[in-house]
Asks: 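Here's a structure for you.
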Amino acid sequence: MSSGAPASASARKTTYREAVRAALREALRGDDRVFLMGEDVGRYGGSYACSLGLLEEFGPERVRDTPLSESAFVGAGIGAAMAGMRPIVEIMTVNFSLLALDQILNNAATLRHMSGGQVGVPLVIRMATGAGRQVAAQHSHSLENFYAHIPGLKVLAPATIEDARGMLATALEEPDPVILFEHAMLYPTEGELAADAGAVPIDRAAIRRPGKDATVIAYGGTVAKALAAAQTLAERGVDTEVIDLRTLRPLDDDTIVASVTKTRRAVVVDEGWKTGSLAAEVCARLVEKAFYELDAPIARVCTAEVPIPYAKHLEDAALPQPGRIVEAVLGTMGGHG
Amino acid sequence: MNDVASGPEPSPDFLALDRSEALALLRGMVRIRRFEEKCAQQYGAGKIRGFLHLYIGEEAVAAGVMPLLDADDAIVSTYREHGHALLRGVPAGAIMAEMFGKVEGCSRGRGGSMHLFDLARRFYGGNAIVAGGIPIALGLALADRMQGRKRVTACLFGDGAVAEGEFHESMNLAALWKLPVLFLCENNQYAMGTAIERYESEKNIAIKARSYRMESERADGMDVLAVRAATRRGVEFVRSGAGPWFIELVTYRFRAHSAYDPELYRSKDEVKEWRKRDPIALFEALASERGLVGPGDVAAIEKEADAEADAAVAFAEAGALEPVEDLTRDVYASGGAR
């Protein structure tokens with residue numbers, strides 16, 4: 001996919017994975033308090049190779065392989081953050097993060113409030129999310145909405161190479177726990193990245209493609225699909241605006257509402273299951289804040305209500321795809337376009 | 001000394017005890033007892049709500065452990081933590097005000113009885129998820145090690161925690177990484193209302209720590225001197241940087257699990273038997289016999305403790321309720337939830 005960055009003389013080709021690695025390297029170089037901890041982050045180089053070479057550069061104290069003990073190492077990250085470190089904890093996939101949900105919800109997200117403001121947990125947790133690699137129902141889910149539900153957390157979904165490169169540094173500046181979701185299908189994607197790319201703001205959604213006829217709201221792995229759909233729609237004369245939410249908690253209502261106020265039509269794309277999804281939350285906010293701006297009911301394109309199946313044709317059918325997004329947008333146009 | 005199979009051992013510390021130490025140990029236990037009796041009374045009066053887990057019967061643990069920790073050591077505790085907090089130096093008034101839900105409480109009234117926090121004293125909370133505090137203790141200790149500080153993190157939990165996966169994950173990681181944690185298992189022999197023989201295949205908890213290649217011992221948690229002696233060994237070992245140390249303290253809760261507990265799961269006779277080993281009476285008798293404390297001392301300590309508990313109630317009564325407009329403060333450093 002296109003990274004969205006203007007190609008310039010100083011830009012160079014890279015991948016999302018390399019951008020994540022560059023961000024990790026910069027964080028480890030720039031601050032002695034930062035360390036990386038998780039399953040296979042060291043000798044193996046990261047289950048998605050994001051930390052390849054970092055053990056050699058920073059040593060085993062700062063690039064720590066852990067046992068398969070999600071609860072213990074996430075909790076250890078919380079404690080270390082409370083005591084002045086800036087840990088980056090990697091969880092292999094969002095499905096495995098459920099084994100650490102006690103620590104994330106009952107401790108990381110809660111301690112500041114429960115202690116009357118005394119305890120801060122400046123912890124960054126990175127994890128892979130999403131389907132598309134035929135790894136079936138225990139490695140493929142999108143549970144971002146679980147985490148976006150929780151007060152006390154900030155939740156980010158870098159969908160572009162710039163954001164993969166830049167969100168980590170900003171997250172590490174946060175005084176509160178931040179969860180970073182990296183869609184597994186994005187790691188090998190290539191794009192241009194400015195040579196001086198660095199920290200990016202994490203408080204606003206981004207308009208990845210401006211348009212005037214309809215708004216498609218997506219995040220993480222579905223942004224590229226939304227952009228592909230917009231391309232098809234453009235060929236049919238429908239000028240589609242694509243918004244990348246970027247930050248899933250707190251949601252940037254202003255950008256969404258402004259876009260829908262302009263286009264008067266909205267389709268929300270979400271790789272989570274439709275019931276109780278982030279897409280549902282976005283719809284609810286549009287209904288609350290932009291009801292009278294809408295010319296058509298809001299549509300959603302979400303994952304089918306099924307554990308992600310192994311077989312390729314079934315997995316593809318379960319997930320939001322550009323074709324379904326095109327149909328949904330056309331549906332909001334009343335069949336025109 | 002680390003023979004986990006031998007069970008409770010005598011107190012070699014006793015002969016070295018002087019009068020001021022004896023008075024301090026006794027005072028520690030009596031302060032907890034009287035404070036908690038006051039809590040129970042205030043619960044009955046409707047001033048304290050929610051869950052109230054009393055420590056009465058287990059005072060020897062807090063009294064034996066807390067004085068051996070340095071000011072910059074850390075403590076991670078459980079939901080039965082009033083005694084730990086009090087002997088760590090959290091003011092009784094701030095604890096009582098917390099239970100009254102007042103803004104002067106040590107957690108601004110956001111935590112209540114189960115969530116006492118005082119960062120100035122490195123008291124990292126009552127944690128009410130059984131075993132949920134253990135991984136946090138690992139992290140505090142890891143930070144100390146990575147930053148080159150010779151501090152101890154004391155991690156208290158009950159026997160019930162031993163059945164949780166987080167306990168086993170944490171034992172393994174602490175031993176593997178040789179983290180400076182002093183694990184203190186307060187084995188009061190019940191996970192809420194389930195007796196240990198009904199939920200553990202191996203009732204000797206210290207031996208489980210051994211299986212993770214962690215130094216461990218088992219001590220009589222009703223004997224404050226035994227607690228103190230074991231803690232002294234543990235603190236010294238942990239502070240030396242040699243790794244974690246595990247102490248199982250066998251104790252007993254005299255009161256119900258919480259204010260809601262009708263105690264259907266144990267007999268009155270069992271409680272009566274254990275009350276014969278009341279840690280305060282036990283130590284008072286020993287110290288009197290040795291001529292270290294007299295009846296006047298005991299009366300004076302009790303009077304002081306009562307006065308402290310009364311003053312705590314007065315402080316809590318006089319406290320303010322936080323304005324409802326502040327409901328969502330302290331969710332993020334920047335303020336409320338969005």
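Lettering of chains follows the sequences in order, A, B, ..., and the numbering in each one begins at 1. Being a predicted model, the structure only gives us computed values, none of them experimental.
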Asks: Is it true that, when you exclude B:F51 itself, more than 12 heavy atoms of the residues, nucleotides or ligands shown sit nearer than 6.0 Å to its CZ?
Replies: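 Not more than 12 within 6.0 Å, no.
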
Asks: B:V331 and A:D176: which non-hydrogen atoms are nearest, and at how many Å?
Replies: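 Shortest heavy-atom separation between B:V331 and A:D176 comes out as O-OD1, 4.4 Å.
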
Asks: Given heavy-atom pairs under 4.5 angstrom as the criterion, report whether the side chain, backbone, both or neither of B:L179 touches chain A.
Replies: neither

Asks: Any luck finding a side-chain donor-acceptor pair between A:N106 and B:N127 under 3.5 Å?
Replies: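 Side-chain D/A pair, A:N106 to B:N127: absent.
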
Asks: Please report the interatomic distance CD(A:Q118) to OG(B:S107), rounded to the nearest 0.5 Å.
Replies: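 It comes to 6.0 Å.
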
Asks: Examine distances only and state if a side-chain atom of A:Q103 and a backbone atom of B:P135 form a donor-acceptor pair shorter than 3.5 Å.
Replies: no

Asks: Can you tell me how far the CZ atom of A:R249 sits from the OH atom of B:Y332, to the nearest 0.5 Å?
Replies: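 Between A:R249 CZ and B:Y332 OH, I get 4.0 Å after rounding to 0.5 Å.
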
Asks: For A:I150, is it the side chain, the backbone, both or neither that has a heavy atom under 4.5 Å from a heavy atom of chain B?
Replies: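 Only the backbone of A:I150 comes within 4.5 Å of chain B.
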
Asks: What residue, out of A:E70, A:R112, A:E61, has the most heavy-atom pairs lying under 4.5 Å from chain B?
Replies: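 Looking at each option in turn, the highest pair count goes to A:R112.
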
Asks: Is there a side-chain contact between A:L111 and B:Y124 (heavy atoms, below 4.5 Å)?
Replies: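 A side-chain contact under 4.5 Å is absent here.
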
Asks: Do the side chains of A:P67 and B:L173 get nearer than 4.5 Å, heavy atoms only?
Replies: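 Of all side-chain heavy-atom pairs linking A:P67 with B:L173, at least one is under 4.5 Å.
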
Asks: Shortest non-hydrogen contact from A:M114 to B:G126?
Replies: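 Of all heavy-atom pairs spanning A:M114 and B:G126, the closest is CE-O, 4.4 Å.
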
Asks: Is the backbone of B:G132 close enough, under 3.5 Å, to the side chain of A:N107 for a donor and an acceptor to pair up by distance?
Replies: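 At least one qualifying donor-acceptor pair exists.
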
Asks: Pick from A:S71, A:P122, A:G117: which one has the most heavy-atom pairs with chain B under 4.5 Å?
Replies: A:S71

Asks: Given that the side chain runs from C-beta out, which part of A:L251 has a heavy atom under 4.5 Å from chain B: side chain, backbone, both or neither?
Replies: neither

Asks: Output the option from A:A109, A:A83, A:G77 having the highest count of non-hydrogen pairs under 4.5 Å with chain B.
Replies: A:A83

Asks: Are the side chains of A:R64 and B:L142 in contact, using a 4.5 Å heavy-atom criterion?
Replies: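 Sidechains of A:R64 and B:L142: in contact.
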
Asks: When only pairs under 4.5 Å are counted, which of B:E98, B:E169, B:M114, B:R108 shares the most heavy-atom pairs with chain A?
Replies: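 Answer, by heavy-atom pair count under 4.5 Å with chain A: B:E169.
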
Asks: Can you tell me how far OG1 of A:T110 sits from NE2 of B:H115, rounded to the nearest 0.5 angstrom?
Replies: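 So the gap between those two atoms works out to 9.0 Å.
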
Asks: Measuring from atom CE of A:M82 to atom CZ of B:R122, what distance do you get when rounded to the nearest 0.5 angstrom?
Replies: 9.0 Å

Asks: Flag the one option from B:D118, B:V76, B:T153 with the top tally of heavy-atom pairs under 4.5 Å to chain A.
Replies: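 That would be B:D118.
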
Asks: Is atom OH of A:Y44 surrounded by more than 12 heavy atoms (other residues, nucleotides or ligands) closer than 6.0 Å?
Replies: no

Asks: Below 4.5 Å from any heavy atom of chain A, which atoms of B:I129 appear? Answer side chain, backbone, both or neither.
Replies: side chain

Asks: What do you reckon, is CD of A:Q138 surrounded by more than 12 foreign heavy atoms closer than 6.0 Å?
Replies: no

Asks: I need the contact set between residues 143-151 of chain B and chain A: heavy-atom distance under 4.5 Å, sorted by residue number.
Replies: B:A143, B:R145, B:M146, B:Q147, B:R149

